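Notes follow the structure.
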Amino acid sequence: MSSEDDYESDSDMSLDSHAVGGKTSVLLGYPDEPAGDTASAFDTRIGGLPIWLNPSSPPTFGLAKCKACKSAMTLLLQAYAALESTLYERVIYVYACKNVRCRRRPGSVRAFRGIMRDEDKMRAVAERQKKEEERRKRKAAEAAESSRQQQAGLGNVLFGDGFGDGANPFGDGPGPSPESSAKAVTTPDEVEQVLESLERTNIDLAHRPDAVMQAPFEPWPPAEELESYKSWFLYVESEYLTNKAEQNINQRVEILASTSGSSNDGPDEWSALPESSSKIDSVFQNFADTVSDNPEQVVRYERKGSPLLYSKADEIGRLLVNRNTGHYDNSLIPHCELCGAVRVFELQLTPYAIQVLEEGSGIDILDGMEWGTIIVGTCKNDCVPSVIDKNGVGYQEEWVGVQWEETK
């Protein structure tokens with residue numbers, strides 16, 4: 001469920017950045033059929049229990065515990081989100097606490113990504129590396145032989161056949177030697193170093209706090225002790241908008257700009273915007289109209305795109321919208337704790353997911369989930385987790401922003 005399109009800017013992205021009046025750059029996930037025993041780590045689905053990239057390599061259970069009540073959370077989404085031109089598989093997991101008392105509390109919704117080295121890709125890269133090295137050595141040997149022959153021919157011209165045995169009277173000729181021109185990457189260990197370097201592109205170890213690198217592993221309880229919602233496979237399609245949605249989205253920048261402060265506005269003016277403002281309601285209305293164009297969507301995916309905000313007046317709206325421009329700005333998302341890079345929007349859950357997950361669960365409507373959208377931001381570098389186990393699997397927590405339903 002991946003979309004790695006060209007990315008022009010890290011910040012100051014217009015909330016009107018999606019294409020309108022037809023197909024957009026957003027991928028939508030829809031419930032398809034119940035996920036049974038055939039589900040794998042490479043399926044995108046909502047509900048159920050997590051399926052790890054390797055059954056022997058789960059993350060620490062601590063990643064799936066509510067930070068408020070310390071209890072086990074429940075899986076909302078497992079999204080297969082592999083990226084192009086990488087040597088690993090990739091999955092995003094989103095969890096939420098079912099405890100009513102934890103609503104709206106920090107850490108009651110969490111997300112993390114898992115990666116696993118793709119051995120087939122690794123072998124293919126290693127084979128290409130080996131063939132390329134053989135080609136370089138062959139070319140270097142041919143160049144050296146050509147140089148030797150040229151020097152031998154020059155000796156014959158100047159001195160007769162006395163130097164015709166192939167010896168070079170001028171020492172090492174101007175041509176490159178195989179040793180100097182061929183970069184030796186021939187041993188398995190050296191090939192592995194090259195592959196590891198490719199995997200860890202843009203990683204700055206100076207940004208890795210000890211607390212992140214040395215997080216203790218906590219084992220998982222038995223599966224039968226974990227709560228879960230009914231699981232559904234998702235099928236993915238591009239978003240298409242009607243003229244009604246297009247008209248509403250075309251108003252988005254005007255709405256947000258009219259509710260944002262000027263460059264002279266301070267925090268007081270920004271925080272004083274009333275949540276009941278009709279203009280703020282128009283931001284929610286834009287969300288509702290856009291989602292209602294494809295009402296059965298449960299996930300919106302556009303890595304390095306911009307989220308569809310549920311509100312601009314709540315904590316997350318204030319965080320993600322630049323008050324000087326009125327536009328979404330991904331540089332305002334808390335940066336990656338592991339490598340220090342900015343995070344980018346990747347996906348969000350929409351309200352219909354609540355209905356699908358809770359249907360038939362026996363949950364009272366007053367005890368059910370009450371968020372408007374859950375936004376997940378991931379490291380722009382997609383940096384390698386600090387710990388990769390013997391199976392090539394690692395996990396890293398990412399940023400979650402929850403926009404809750406407005407309270408009366």
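Excluded from the calculations below are hydrogen atoms, water molecules and symmetry mates; all remaining heavy atoms, backbone and side chain alike, are included. Predicted, not measured: the structure shown is a model, and the values here were computed from it.
Applying the salt bridge (charged side-chain N to carboxylate O under 4.0 Å, His left out) definition to pairs two or more places apart or across chains, those involving residues 386-401 are R110-E397, R113-E398, R343-E398. Listed by first and then second residue, the ring-ring contact (aromatic ring centres under 6.0 Å, His included) pairs that reach into residues 130-150 come to none, sequence neighbours excluded.
In this structure, the side-chain contact (heavy atoms from CB on, under 4.5 Å) partners of S71, at least two apart in sequence or on a different chain, are C69. Considering only residues two or more places apart in sequence or on other chains, R105 meets the salt bridge (charged side-chain N to carboxylate O under 4.0 Å, His left out) condition with none of them. For R104, the salt bridge (charged side-chain N to carboxylate O under 4.0 Å, His left out) test picks out E370, with sequence neighbours left out. Residues passing the ring-ring contact (aromatic ring centres under 6.0 Å, His included) test with Y30, sequence neighbours excluded: Y235. Judged as a salt bridge (charged side-chain N to carboxylate O under 4.0 Å, His left out), and not counting sequence neighbours, the contacts of E227 are K98. Among residues two or more places apart in sequence or in another chain, the side-chain contact (heavy atoms from CB on, under 4.5 Å) test is passed with E225 by P221, P222. Applying the side-chain contact (heavy atoms from CB on, under 4.5 Å) test to V236 and every residue at least two apart in sequence or in another chain returns M1, L27. In this structure E142 satisfies the salt bridge (charged side-chain N to carboxylate O under 4.0 Å, His left out) test with no other residue, sequence neighbours excluded. With sequence neighbours left out, the ring-ring contact (aromatic ring centres under 6.0 Å, His included) criterion links Y93 to W52, F112.
Remark: the backbone N or O of P59 is paired with a side-chain donor or acceptor of W220 at under 3.5 angstrom. When atom types are taken as modelled, the side chain of T24 and the backbone of Y240 share no donor-acceptor pair closer than 3.5 angstrom. Proximity of a side-chain donor or acceptor of K312 to a complementary backbone N or O of L309 within less than 3.5 Å is not detected.
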Next on the checklist: Apply side-chain contact (heavy atoms from CB on, under 4.5 Å) to residues I374 and L347 and explain how you reach the verdict.
Outcome noted: CA-CA 8 Å; I374 297 174; L347 61 83; over 6 Å; no
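No side-chain heavy atom of V356 sits under 4.5 Å from any side-chain heavy atom of E358. Two residues are said to be in side-chain contact when any heavy atoms from C-beta on lie closer than 4.5 Å; V376 and Q348 fail this criterion.
Under a 4.0 Å N-O distance rule, the pair R303/E84 does not qualify as a salt bridge.
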Review item, side-chain donor-acceptor pairs of residues 34-46, under 3.5 Å, at least two apart:
{"from": "S40", "atom 1": "OG", "to": "F42", "atom 2": "N", "distance (Å)": "3.1"}
{"from": "S40", "atom 1": "OG", "to": "D43", "atom 2": "OD2", "distance (Å)": "3.3"}
{"from": "D43", "atom 1": "OD2", "to": "S40", "atom 2": "N", "distance (Å)": "2.8"}
{"from": "T44", "atom 1": "OG1", "to": "Y80", "atom 2": "N", "distance (Å)": "3.0"}
{"from": "R45", "atom 1": "NH1", "to": "G47", "atom 2": "O", "distance (Å)": "3.1"}
{"from": "R45", "atom 1": "NH1", "to": "L49", "atom 2": "O", "distance (Å)": "3.3"}
{"from": "R45", "atom 1": "NH1", "to": "S231", "atom 2": "OG", "distance (Å)": "3.2"}
{"from": "R45", "atom 1": "NH2", "to": "L49", "atom 2": "O", "distance (Å)": "2.6"}
{"from": "R45", "atom 1": "NH2", "to": "Q78", "atom 2": "OE1", "distance (Å)": "3.1"}

